[in-house]
**Student:** 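Structure in structure tokens, see below.
Just so it is clear, the values below take in all heavy atoms, side chains as well, and ignore hydrogens, waters and symmetry mates. Residues: numbered from 1 along the sequence shown. Counting convention: from 1, in listed order, for ligands and their atoms alike.
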Amino acid sequence: MAKIGTDINISLKLLNRSELVGIPTETVYGLAANAFDPVAVAKIFKVKDRPSFDPLIVHTSNLEKAKSFVDKIPEKAYKLARKFWPGPLTLIFNKKEIIPDLVTSGLDTVAVRVPNHPLTLQLLKSIDFPLAAPSANPFGYVSPTSAAHVNEQLGDKIKYVLDGGICSVGIESTILGFDGDEVVVYRLGGCKVEEIESLIGEITLKVNLSSNPEAPGMLESHYAPLTPIVIGNINELIKKHKHQNIGTISFKDEINGIDPEFQFILSKKGVIDEAATRLFTGLRELDALNLQLIVSEYVPDVGLGRAINDRLKRAEAKRN
Ligand code: AMP
Ligand code: MG
């Protein structure tokens with residue numbers, strides 16, 4: 001098992017030796033390597049069993065620092081970074097040579113983010129290289145929102161997880177790209193579309209389910225537990241699958257006829273942001289119960305609800 005602790009110096013030493021470290025962010029835990037070091041970055045793909053066509057997000061401590069590895073920052077990006085960084089928003093820029101092709105899967109653009117977590121920001125401020133860090137889970141599985149989640153799945157493959165507690169947002173970052181004057185959403189996530197639009201005006205959504213790696217990260221099946229999951233009207237789905245050993249993930253209501261042990265309620269008060277924080281924990285807990293089926297429902301499709309619903313859809317797509 002990896003060591004879990006809060007020691008920045010241990011993390012630094014490992015990163016300087018081309019090793020990987022689990023790092024906390026406000027979205028999900030990352031599996032970090034020196035983004036300028038192809039040997040270290042290659043280990044990320046190996047440890048996660050991640051296909052090389054799926055590019056990584058590069059983390060840095062501020063936009064000024066990002067200028068050493070990105071080119072041509074659009075005006076709207078400055079505006080977005082000023083308002084949302086540090087925070088759950090990833091921006092896609094043209095990359096400079098110094099970013100290895102492995103990081104971007106050969107694309108000439110690189111995804112960049114300043115995470116909002118005190119420990120990881122402290123780490124980023126103390127190094128002169130950015131950190132390439134995808135979510136710290138085996139490819140395709142549910143992202144980790146605690147150090148224990150990372151250790152459960154990758155603990156025998158990495159040496160250290162920097163423990164920053166439970167992720168406060170709990171869902172991956174929103175990814176935006178720039179196409180001329182147009183701002184495009186490639187992934188719904190922890191930064192709300194409504195807030196982005198109120199800052200820079202209308203943006204274009206390109207987050208359709210697709211199995212086309214040309215639209216990176218938009219793989220149809222992703223974020224999925226091993227147990228099959230179906231999404232819809234929970235009571236109707238329970239009736240339809242009545243002979244199965246079922247667990248439920250509901251938005252705010254208790255479900256009649258299902259043992260409370262097999263139920264996960266995202267937010268008893270019906271608060272969508274709380275539901276986002278708890279979604280991946282719920283998927284993991286039910287996945288550990290050896291159920292035949294998980295039944296869930298969509299949450300209201302506003303704010304972080306849009307990202308939650310996107311993840312549920314992709315989790316369901318795994319089996320269909
Ligand atoms: P993860 O860090 O596991 O959440 O995955 C990172 C995701 O960022 C990828 O799956 C892509 O969706 C996205 N991404 C990274 N780099 C790029 C890029 N240059 N262009 C578009 N999307 C990107
Ligand atoms: Mg991921």
**Student:** By number and element, which atoms of ligand 1 are closer than 4.0 Å to a non-hydrogen atom of Leu107?
**Tutor:**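 What qualifies from ligand 1 is 18 (C), 19 (N), 20 (N).
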**Student:** Salt-bridge test for Arg314 and Asp310: reply yes if a basic N is under 4.0 Å from a carboxylate O, no otherwise.
**Tutor:**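 Salt bridge: yes.
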**Student:** Side chains of Asp287 and Tyr141 only: does a donor on one sit below 3.5 Å from an acceptor on the other?
**Tutor:**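 Result is yes, a qualifying pair exists.
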**Student:** Looking at Lys269 and Glu274, is there a salt bridge between them, counting it only when a charged N and a carboxylate O are closer than 4.0 Å?
**Tutor:**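 Looking at Glu274 and Lys269, the cut-off is not met.
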**Student:** Looking at Arg17 and Asp37, is there a salt bridge between them, counting it only when a charged N and a carboxylate O are closer than 4.0 Å?
**Tutor:**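 No.
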**Student:** With a cut-off of 2.8 Å, which protein N/O/S atoms are close to the Mg ion (ligand 2), if we only count those under it?
**Tutor:**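 Near the Mg ion (ligand 2), below 2.8 Å, one finds Ser135 OG.
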**Student:** For the side chain to side chain donor-acceptor pair (under 3.5 Å) test, which of Glu172, His149, Arg311 pairs with Ser143?
**Tutor:**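 Only match with Ser143 under side chain to side chain donor-acceptor pair (under 3.5 Å): Glu172.
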**Student:** List in chain and number order the residues that pass side-chain hydrogen bond (donor to acceptor under 3.5 Å, both in side chains) with Ser68, two or more places apart in sequence or in another chain; answer none if no residue qualifies.
**Tutor:**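 Not a single residue meets the side-chain hydrogen bond (donor to acceptor under 3.5 Å, both in side chains) criterion with Ser68.
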**Student:** Could you list which atoms of ligand 1 come closer than 4.0 Å to a heavy atom of Asp54?
**Tutor:**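 The list of qualifying atoms is 9 (C), 10 (O).
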**Student:** Heavy-atom distance to atom 1 (P) of ligand 1: which of Glu172, Arg187, Lys48 wins?
**Tutor:**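 Among Glu172, Arg187, Lys48, the closest heavy atom to atom 1 (P) of ligand 1 comes from Arg187.
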**Student:** Using the test side-chain hydrogen bond (donor to acceptor under 3.5 Å, both in side chains), find all partners of Gln153 that sit at least two apart in sequence or belong to another chain.
**Tutor:**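 Counting only residues at least two positions away or on another chain, Gln153 forms a side-chain hydrogen bond (donor to acceptor under 3.5 Å, both in side chains) with Arg284.
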**Student:** Check if Ile57 has a non-hydrogen atom at a distance under 4.0 Å from any atom of ligand 1.
**Tutor:**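 Yes, Ile57 has heavy atoms under 4.0 Å from ligand 1.
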**Student:** Please list, in number order, the atoms of ligand 1 under 4.0 Å from a heavy atom of Ile175.
**Tutor:**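 Those atoms are 7 (C), 8 (O), 12 (O), 13 (C).
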**Student:** Once side-chain hydrogen bond (donor to acceptor under 3.5 Å, both in side chains) is applied, do any residues pair with Ser135, and if so which ones, sequence neighbours excluded?
**Tutor:**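 Once residues adjacent in sequence are excluded, the partners of Ser135 under the side-chain hydrogen bond (donor to acceptor under 3.5 Å, both in side chains) criterion are Lys48, Asn137.
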**Student:** Determine the minimum heavy-atom distance between Val112 and Ala66, stating which atoms define it.
**Tutor:**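 Closest heavy-atom pair between Val112 and Ala66: CG1-CB, 4.3 Å.
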**Student:** Hey, is Thr109 touching ligand 1 through its side chain, its backbone, both or neither, going by heavy atoms under 4.0 Å?
**Tutor:**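 Both backbone and side chain.
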**Student:** By number and element, which atoms of ligand 1 are closer than 4.0 Å to a non-hydrogen atom of Ser135?
**Tutor:**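 The list of qualifying atoms is 1 (P), 2 (O), 3 (O).
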**Student:** Which one holds for Arg50 and ligand 1: side chain close, backbone close, both close, or neither close, with close meaning a heavy atom under 4.0 Å?
**Tutor:**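 Under 4.0 Å from ligand 1, Arg50 contributes side-chain atoms alone.
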**Student:** Which of the numbered atoms in ligand 1 are under 4.0 angstrom from any heavy atom belonging to Leu56?
**Tutor:**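 Checking each atom against Leu56, I get 15 (C), 16 (N).
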**Student:** Testing Asp179, Leu176, Thr109 for side chain to side chain contact (heavy atoms under 4.5 Å, CB included) with Ile92, which one passes?
**Tutor:**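 By the side chain to side chain contact (heavy atoms under 4.5 Å, CB included) criterion, Ile92 pairs with just one of Asp179, Leu176, Thr109: Thr109.
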